Protein chains: 2
Amino acid sequence: MANDTAQRVLDVAEQLVQTRGYNGFSYADIAQALHVTKASLHYHFPAKADLGARLIERYERNFLAALGRVDAQAKGAPEKLRRYAAIYEAVLRAGRMCLCGMLAAEFGTLPDGMRSDMRHFFDENERWLKGVLQQGKREGTLAFAGSAAGAAQALIGALEGAMMIARSYGDVDRFHAASERALKELGA
Amino acid sequence: MANDTAQRVLDVAEQLVQTRGYNGFSYADIAQALHVTKASLHYHFPAKADLGARLIERYERNFLAALGRVDAQAKGAPEKLRRYAAIYEAVLRAGRMCLCGMLAAEFGTLPDGMRSDMRHFFDENERWLKGVLQQGKREGTLAFAGSAAGAAQALIGALEGAMMIARSYGDVDRFHAASERALKELGA
DNA sequence: GTCTATAGGTGGATAGAC
DNA sequence: GTCTATCCACCTATAGAC
């Protein structure tokens, strides 16, 4: 399959960005992992910025697909929020940071295209969460002050930050506790 | 003054790490900013890891000094928390990330010494916050569920995460809103 | 303490054969 | 599509003169 190599490149690159950051890996790392040469990687992704952009696009697509499954499997807003946080926790349990959380830290050195792609990921997260929060308020299953958008932004920030620090301590429980606390504050 | 150059190096390096990350700057960047050669930088900081370690130590010292001033100037726990959050906001307003928040993202590529120095910064933050939270609970000026240590960890994570994302949007208000929300959840 | 000069390595990227 | 070979810029770091 022609496309198969590109997918494997993305798989390895994704893991590298989530553990070492966009500035913390090179084409040589991917080449070594896949037993190919750097030159052949440039055939699939001419510049590193191309690889980075395709990485974010795929990550967002997969993430939104997971949110779609949450919508399909969970009815109540509290359960949706719990599953949302569980996605983050699974990433951390794999020893990784959220791809876009990582890129947010590296914002100052990112190419323009990757910057807006990264923000788009957070915008979509906020949009989905806002819907869940509004649903919960309507149903009376959630209780929070202020706007749903503001609460959504705060939750995303809290989860990303907790994840980043917990990873530095190699302590998933630390993330879990912060996550539980954040959900309780929304009445979940 | 002999020590003056080292301080200026640290000033520039600090700004670079807070905006571009530890892996996002080089001795050449500092050399250019200070109109000296790279070689002379190695006289003050033989290896980049030395520079990194001294950077964290100084950042923590200054941060703890700021917390000491908060203790001296604010009496009530809620006011202390507000001033704590204001320190973060001032950093963000300067277009910077928290030095250690930045390093937490780069954890996967950091030398061992910098890893433990970075965690020490967060440990000290937690310790101070825990004291303030216990004070507030004792005085009845704060109200939160669970342990003070857990609440402290959650607050640190929420502020770091909100800061990181807000910076990507160039939007200090976004941070401020998340910060206010986090403080309110502690009853402040 | 700061300089010139340079070593030795790695970064992203390209040309051209197969 | 993948390879060999190579370019050039940049990286951290050191030697040794001043």
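What you are looking at is a predicted structure, and each value in this text was computed from that prediction instead of being measured.
In this view, B/Asp11 and B/Arg58 satisfy the salt bridge (charged side-chain N to carboxylate O under 4.0 Å, His left out) rule, not counting sequence neighbours. A/His42 is linked by a side chain to side chain donor-acceptor pair (under 3.5 Å) to nothing, counting only residues two or more places apart in sequence or in another chain. Qualifying side chain to side chain donor-acceptor pair (under 3.5 Å) partners for A/Tyr84, counting only residues two or more places apart in sequence or in other chains: A/Tyr88, A/Asn125. The side chain to side chain donor-acceptor pair (under 3.5 Å) check on B/Thr141 picks up B/Glu139, with sequence neighbours excluded. Applying the side chain to side chain donor-acceptor pair (under 3.5 Å) rule to B/Gln18 yields the partners B/Arg96; only residues at least two apart in sequence or on another chain are considered.
A salt bridge (charged side-chain N to carboxylate O under 4.0 Å, His left out) check over residues 105-119 of chain B, counting only residues at least two apart or in different chains, returns nothing. Listed by first then second residue, pairs satisfying salt bridge (charged side-chain N to carboxylate O under 4.0 Å, His left out) with a partner in residues 120-133 of chain A read A/Glu124-A/Arg127, A/Glu126-B/Arg174, not counting sequence neighbours.
For B/Ile30 and D/dC10, the CD1 to P distance is 17 Å, given to the nearest whole Å.
If you check residues 108-115 of chain A against DNA chain C, you find no residue with a heavy atom closer than 4.0 Å.
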(Q) Base contacts versus sugar-phosphate-only contacts with protein, heavy atoms under 4.0 Å: please encode nucleotides 2-18 of chain C as B, S and - from 5' to 3'. (A) BBB------SBBBB---
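Annotation: cation-pi geometry satisfied between B/Lys137 and B/Phe144 (NZ/CZ under 6.0 angstrom from ring centroid, within 45° of ring axis).
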